[in-house]
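What follows is a short report on a single structure.
Below, chain A is the first sequence line, B the second, and so on; all start at residue 1. Every value quoted in this text rests on a predicted model; they were computed, and no experiment measured them.
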Amino acid sequence: DAGVIQSPRHEVTEMGQEVTLRCKPISGHDYLFWYRQTMMRGLELLIYFNNNVPIDDSGMPEDRFSAKMPNASFSTLKIQPSEPRDSAVYFCASSFRQGNTIYFGEGSWLTVV
Amino acid sequence: AQKVTQAQTEISVVEKEDVTLDCVYETRDTTYYLFWYKQPPSGELVFLIRRNSFDEQNEISGRYSWNFQKSTSSFNFTITASQVVDSAVYFCALSEAWGNEKLTFGTGTRLTIIP
């Protein structure tokens, strides 16, 4: 079975540019998460969806960040405009129902110069 | 509020030695889930184990074993006869059972196995 699929795997962009990260969750999973990993803050939850509806976006850093889930098999995390401090690894993850294992994608490595 | 503490930032052991990674958690919930994930040098997060708060039985999977003790709020991970491929960062994580699905991660323990 395919796992969580993220794209792009690596992105280098200039400050001020728009960045869009994409995620395809595991088929049948009804929860989707976006996490960010940095050296300073470790792994932190940005936002999560249940049945395509955002449930908790309290971790989204600021208005420059937005996330959507138009259907059960696709989600995007957008940063506009990007800043060097946004450089991090962004993980998408999914799970089935409450309390079950959360499976992570391979991450999108973002560098903003 | 939930909290996960991994006090060991880095550990180095010689190959074939046993090593235990510590995890201490805090939660007000009576029902919760504990996880361990492995992050090898390639960067992906690999699920290792999930344990619910009502199941205190220790678990063994090959060279890996986990010791869950509610009395001390600990969920420790032991690798027996370590191998170079075990070199990675290991994260302990906690989630509430109801109403909040998010994982709270510890800061991770970087394990280096010396050949």
Taking all atoms of both residues into account, what is the closest heavy-atom pair of A:T101 and B:F35, and its distance? CA-CE2, 3.9 Å
Taking every non-hydrogen atom, the tightest pair across B:E44 and A:F91: CA-CE2, 4.4 Å
For the hydrophobic clusters of this structure (ILVMFWY residues joined by side-chain heavy atoms under 4.5 Å, transitively), does one cluster hold both [X] and [Y]?
X: A:L21; Y: A:Y31; result: no
X: B:L48; Y: B:L21; result: yes
X: B:L45; Y: A:Y90; result: no
X: B:F77; Y: B:V19; result: yes
X: A:V19; Y: A:M69; result: yes

Pair listing, disulfide bond (SG atoms under 2.5 Å apart) test, anchored in residues 16-55 of chain B, at least two apart: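 As it turns out, the disulfide bond (SG atoms under 2.5 Å apart) pairs with a partner in residues 16-55 of chain B, which skip direct neighbours, are B:C23-B:C92.
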Contacts under 3.5 angstrom, residues 103-115 of chain B side chains, donor-acceptor by atom type, not counting sequence neighbours:
from   : atom 1 : to   : atom 2 : distance (Å)
B:T104 : OG1    : B:Q2 : NE2    : 3.3
B:T109 : OG1    : B:Q8 : O      : 2.6

Tabulate, in ascending numerical order, the residues of residues 106-113 of chain A having at least one heavy atom closer than 4.5 Å to a heavy atom of chain B, or enter 'none'. A:E106, A:W109
Review item, side-chain donor-acceptor pairs of residues 60-68 of chain B, under 3.5 Å, at least two apart:
from  : atom 1 : to    : atom 2 : distance (Å)
B:R63 : NH1    : B:T80 : O      : 3.4
B:R63 : NH1    : B:A81 : O      : 3.3
B:R63 : NH1    : B:D86 : OD2    : 2.8
B:R63 : NH2    : B:D86 : OD1    : 2.9
B:R63 : NH2    : B:D86 : OD2    : 3.2
B:Y64 : OH     : B:D86 : OD1    : 3.4
B:N67 : ND2    : B:N58 : OD1    : 3.4

Quick one: are A:I102 and B:Y33 in side-chain contact, heavy atoms under 4.5 Å? no
Distance, nearest 0.5 Å, that separates OH of A:Y103 from CZ of B:F47: 5.0 Å
Quick check on A:E44 against chain B: is it the side chain, the backbone, both or neither that has a heavy atom closer than 4.5 Å?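 No part of A:E44 comes within 4.5 Å of chain B.
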